[in-house]
Q: 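Dumping the structure here so I can ask a few things about it.
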Amino acid sequence: MRALAQLQHAYFACYLKRDYLSKQPGYEKILYQKRSLLLGKVAHARSLLKKNKKGTTKWAIVFFKIEHLSEIIFSLNQLRFRVSGYAIFEICIAEMQALEKTSMAALKNVAQFILWNKRAASPVELLDKIHAFEAISHRTLQIASPEPIIFLFFIQDLYALYDEINELLP
């Protein structure tokens with residue numbers, strides 16, 4: 001879960017850092033390292049599940065859900081390939097920062113619940129930030145962006161992220 005959260009943080013850095021386009025190779029290197037770390041951990045977890053088949057049904061289900069969560073995060077990353085002008089992020093930077101902060105907190109809560117069975121807070125705050133981003137998308141981004149539909153895809157992925165996190169928590 002830590003590797004997944006680090007990858008999520010690195011993806012949002014691409015949207016939030018003003019120097020992303022001028023230092024793109026450096027950011028891409030970081031993304032590659034974080035992605036490789038995550039995929040290595042997924043492969044290791046998969047091998048552990050195959051090795052120890054007794055009593056792993058619960059962990060197999062959790063692992064499947066975490067894998068699905070990582071696919072959603074990979075899909076959220078597609079926004080950086082779909083946006084042609086990064087200036088559009090200046091309009092929604094506060095909402096993007098709030099999304100990053102609450103999604104990171106929600107992923108941390110999921111990790112604490114899975115690893116230590118620690119009671120986790122509901123990801124309602126994440127849902128509120130998604131609603132705020134959706135509102136600015138409808139008010140401003142749909143008008144200012146030359147590719148308004150890409151933000152609808154991003155919002156759809158954000159709702160999928162919320163649903164998956166909510167499903168992992170009790």
Side-chain angles (χ1 to χ4, degrees), residues 1-17 19-83 86 89 96-127 129-130 133 150-170:
M1 285 299 297
R2 184 181 307 135
L4 187 59
Q6 289 174 350
L7 182 62
Q8 169 80 348
H9 178 71
Y11 283 153
F12 267 91
C14 295
Y15 308 134
L16 299 174
K17 302 289 184 175
D19 65 348
Y20 171 72
L21 289 178
S22 63
K23 296 181 179 178
Q24 191 172 3
Y27 283 103
E28 291 299 323
K29 182 179 178 182
I30 292 168
L31 288 175
Y32 174 78
Q33 291 168 343
K34 302 289 183 191
R35 203 171 27 247
S36 296
L37 177 69
L38 174 66
L39 294 175
K41 295 205 182 268
V42 166
H44 179 69
R46 194 175 288 130
S47 70
L48 289 175
L49 282 173
K50 284 181 182 178
K51 202 182 292 184
N52 185 13
K53 294 190 183 213
K54 292 182 181 177
T56 60
T57 306
K58 174 193 169 209
W59 288 109
I61 292 169
V62 168
F63 177 72
F64 172 76
K65 289 180 180 183
I66 291 172
E67 257 189 328
H68 188 246
L69 193 60
S70 66
E71 290 170 5
I72 293 167
I73 289 173
F74 282 129
S75 185
L76 283 167
N77 173 48
Q78 296 304 308
L79 181 63
R80 70 190 177 99
F81 299 115
R82 293 176 177 152
V83 171
Y86 267 67
F89 291 121
M96 292 292 278
Q97 288 170 334
L99 281 171
E100 181 199 15
K101 182 181 175 186
T102 56
S103 65
M104 295 298 291
L107 289 172
K108 182 180 177 184
N109 284 341
V110 168
Q112 289 177 345
F113 175 73
I114 290 171
L115 296 175
W116 299 291
N117 206 16
K118 185 177 177 183
R119 186 160 175 85
S122 171
V124 172
E125 188 177 354
L126 176 60
L127 185 61
K129 301 307 178 191
I130 294 170
F133 184 81
I150 60 170
F151 287 101
L152 294 176
F153 294 144
F154 185 70
I155 291 166
Q156 180 182 4
D157 289 339
L158 288 170
Y159 279 118
L161 178 70
Y162 168 78
D163 289 342
E164 197 62 32
I165 288 171
N166 203 33
E167 199 173 300
L168 279 162
L169 296 173

Q: List the steps, then state whether side-chain contact (heavy atoms from CB on, under 4.5 Å) holds for L76 with Q8.
A: CA-CA 9 Å; L76 283 167; Q8 169 80 348; 4.1 Å; yes
Q: Should L107 and I73 be marked as a side-chain contact (heavy atoms from CB on, under 4.5 Å) after you check the CA-CA gap, both sets of side-chain angles, and the distance that decides it?
A: CA-CA 11 Å; L107 289 172; I73 289 173; 4.1 Å; yes
Q: Consider only side-chain N and O atoms of E28 and Y20, and report whether a donor and an acceptor are under 3.5 Å apart.
A: yes
Q: Can the ring centres of F151 and F154 be said to be less than 6.0 Å apart?
A: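 Ring centres of F154 and F151 not closer than 6.0 Å.
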Q: For residues R35 and Y11, determine if any side-chain heavy atom of one lies less than 4.5 Å from a side-chain heavy atom of the other.
A: yes
Q: Does A3 have any side-chain contact (heavy atoms from CB on, under 4.5 Å) partners at least two apart in sequence or in another chain, and if so, which?
A: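 Result, side-chain contact (heavy atoms from CB on, under 4.5 Å) vs A3: L37, L38, K41.
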Q: Do I66 and I114 have side chains that approach each other closer than 4.5 Å (heavy atoms only, starting at C-beta)?
A: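 Heavy-atom side-chain distance check passes, below 4.5 Å.
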Q: Side chains of L79 and F153: closer than 4.5 Å at any heavy-atom pair?
A: no
Q: Measuring from atom NZ of K108 to atom OG of S103, what distance do you get when rounded to the nearest 0.5 angstrom?
A: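 Reported value, rounded in 0.5 Å steps: 13.5 Å.
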Q: For the pair S47 and H44, evaluate side-chain contact (heavy atoms from CB on, under 4.5 Å) and give the outcome as yes or no after the intermediate values.
A: CA-CA 5 Å; S47 70; H44 179 69; 4.2 Å; yes
Q: Got a donor-acceptor contact below 3.5 angstrom from the Y86 side chain to the R80 backbone?
A: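 Present.
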Q: With distance as the sole test, does S36 use its side chain to make a donor-acceptor pair with the main-chain N or O of Y32 at under 3.5 Å?
A: yes
Q: If you take all heavy atoms of A160 and I72, which pair is closest and at what distance?
A: O-CD1, 3.5 Å
Q: Does the side chain of L161 reach to within under 4.5 Å of the side chain of I165, using non-hydrogen atoms?
A: yes
Q: Nearest heavy-atom pair of L31 and A10: which atoms, and what distance?
A: CD2-CB, 3.5 Å
